[in-house]
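Computed over heavy atoms, backbone and side chain alike; hydrogens, waters and symmetry mates excluded. Values in this document were obtained by computation on a predicted structure and should not be read as measured data. We're numbering straight along the sequence, starting at 1.
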Amino acid sequence: MSNQPTLDQDRTIRLVLELSRRTGRAVPIRRALAQITLPKPKQRLRRKTEGTDPEPPRRPTKPGPLHELVGHRRHHALDVLLLVYAATSGGDFGVSHFATTWSRSIGASFEKRSASSQMTKIWNQLAEAQLVKRAGQQGRRARVIKLREDGTGADYTVPVGGALEEVYFKLPFAYWLEGWHSRLSLPAKGVLLAAMSRRSSDIAITDDGFSRWYGFSAATVARGREQLIQLGLLEETGEEEYPSLNLINGVGTRPLYSLRHPFTLSQRPPEQRPAGIVIPTPATGAMNPMASDVPR
């Protein structure tokens, strides 16, 4: 096989994307890949105080399966998973390709035996995370079906938005066609996907905040953020104050960042952002809005 012409990585990916027949040239991915919204905790019924209309409590969250792929350094598994997401757009949301096709798509071995061994390992990792399931063979091509992004093993359905469990973002084909899949490190890919899932035009990407919200280590957040800035995919746009009981004066300041083209498909304008909490100002006692210490 080594003496025969072989399709390179970029052209392999282009063909896989073309076969997906996605007219929008973008891939919908639920936020749950990065962060899972948990059910509302049960609350005691309280008598409503006259003249008050308390804000409903936020739903609790936990890191999604993305943090395990990043934390366990499963770079190839994440690359294959994202391409599976792109390749599967209907039917049973399954796809069948030779092991060598998938192996070429991640820039690995072109040889049949090496590719088969490597892809068996990757499919096992993704199946263990309950992000895909294997559905037998079609000739010499393994059939793989994508599952719901939250890692529960539930059957995949197209995200429709609305409910928090259905919130999604769009990963553009430009991620592959402009070569970002090969230029970005695993930490940068993790931070990029988490930031895109926020769907906000300004995002607080702090080491400790992203660590808590998405399960990455602080060092991973720092490395990923810095590479995105260096490559012009992330830009610091300002700062905001936020309340925290971990600080002596109860108020901290953190920088805000915005994603840049081509990863702005799902960003909401600032005026559509959920309102923050309010605290009284020391001078007048008036209530001024302040961003809360939770992800946007």
Side-chain angles (χ1 to χ4, degrees), residues 29-41 55-74 78 81 129 131 148-152 159 163-171 184-229 233-234 236-247 250-259 263 266-268 270 272-277 290-296:
I29 301 175
R30 282 182 178 86
R31 178 183 290 172
L33 179 66
Q35 186 183 63
I36 297 169
T37 301
L38 300 174
K40 276 185 180 179
E55 182 182 349
R58 291 180 181 271
R59 296 270 294 275
T61 64
K62 70 175 183 179
L66 178 63
H67 88 280
E68 295 182 349
L69 295 176
V70 174
H72 292 147
R73 300 180 181 179
R74 292 177 174 170
L78 178 59
L81 178 65
L131 294 169
R148 195 175 174 93
E149 297 94 331
D150 57 10
T152 60
L164 288 176
E165 294 83 358
E166 292 294 313
V167 172
Y168 65 94
F169 61 97
K170 294 180 180 180
L171 182 65
L184 295 176
S185 65
L186 183 57
K189 290 177 180 178
V191 172
L192 174 66
L193 292 170
M196 291 180 68
S197 78
R198 297 316 318 156
R199 297 175 49 193
S200 178
S201 59
D202 51 359
I203 315 161
I205 307 179
T206 59
D207 297 354
D208 59 337
F210 255 50
S211 295
R212 294 196 311 274
W213 304 331
Y214 301 106
F216 306 139
S217 71
T220 293
V221 176
R223 290 197 301 271
R225 182 185 59 234
E226 291 310 307
Q227 187 183 23
L228 293 175
I229 291 172
L233 298 179
L234 191 68
E236 186 172 343
T237 55
E239 63 180 24
E240 69 177 2
E241 292 183 341
Y242 67 97
S244 174
L245 297 182
N246 293 323
L247 301 171
V251 177
T253 302
R254 60 191 176 195
L256 295 174
Y257 300 89
S258 288
L259 290 169
F263 301 111
S266 303
Q267 286 187 356
R268 296 173 302 187
Q272 293 183 15
R273 221 171 48 209
I277 67 169
M290 177 177 289
S292 58
D293 189 19
V294 294
R296 295 184 181 280

- With E239, which residues qualify under salt bridge (charged side-chain N to carboxylate O under 4.0 Å, His left out), at least two apart? none

- Message: To the nearest 0.5 Å, what is the distance between CG on L234 and CG on L192?
- Response: 9.0 Å

- Task: Using atom types as modelled and distance alone, determine if a side-chain donor or acceptor of S244 lies under 3.5 Å from a backbone N or O of G252.
- Result: no

- Message: How close do F216 and V221 get, counting heavy atoms only, and between which atoms?
- Response: CB-CG2, 3.8 Å

- Message: I'd like to check L78 versus L186 (side-chain heavy atoms, cut-off strictly below 4.5 Å). Are they in contact?
- Response: yes

- Message: Quick check: do I29 and Y168 have side-chain heavy atoms less than 4.5 Å from each other?
- Response: no

- Query: Passes side chain to side chain contact (heavy atoms under 4.5 Å, CB included), W213 versus T61? Steps please.
  - Reply: CA-CA 8 Å; W213 304 331; T61 64; 5.9 Å; no

- Does the side chain of Y242 reach to within under 4.5 Å of the side chain of V251, using non-hydrogen atoms? no

- Task: Specify the closest pair of heavy atoms between S211 and S217, including all atoms of both residues, with the distance to one decimal.
- Result: OG-C, 3.5 Å

- Item | side-chain hydrogen bond (donor to acceptor under 3.5 Å, both in side chains) partners of S258, counting only residues at least two apart | none

- Nearest non-hydrogen partners of I36 and A32, listed with the distance: CG1-O, 3.5 Å

- Hey, what do you get for NZ (K170) to CZ (F263), rounding to the nearest 0.5 Å? 15.0 Å

- For F169, is the NZ or CZ atom of R31 found under 6.0 angstrom from the centre of its six-membered ring and inside 45 degrees of the ring axis? no

- Item | Test salt bridge (charged side-chain N to carboxylate O under 4.0 Å, His left out) applied to R148 - qualifying residues, sequence neighbours left out | D150, E166

- Message: Any side-chain to backbone donor/acceptor pair from T206 onto G209? Under 3.5 Å, distance only.
- Response: yes

Identify all side-chain donor-acceptor contacts of residues 62-71 below 3.5 Å with residues at least two apart in sequence or on another chain.
from: H67; atom 1: ND1; to: G64; atom 2: O; distance (Å): 2.7

- Measure the spacing between CD of E240 and OG1 of T253 and express it to the nearest 0.5 Å. 9.0 Å

- Sequence neighbours left out, what passes side-chain hydrogen bond (donor to acceptor under 3.5 Å, both in side chains) with T37? Give chain and number order. none

- Closest non-hydrogen contact found for P60 with P39 is CG-O, 3.6 Å

- Item | L256 vs E236 side-chain heavy atoms within contact, under 4.5 Å | no

- Does a side-chain heavy-atom distance below 4.5 Å link V167 with R199? yes

- Message: Using 0.5 Å steps for rounding, measure from the CG atom of L193 to the CG atom of L33.
- Response: 6.5 Å

- Side chain proximity check, L228 to Y257, heavy atoms < 4.5 angstrom: no

- Any chance you could measure L259, atom CG, to I205, atom CD1, to the nearest 0.5 Å? 6.5 Å

- Task: With sequence neighbours excluded, tell me which residues meet side-chain hydrogen bond (donor to acceptor under 3.5 Å, both in side chains) with R225.
- Result: D207

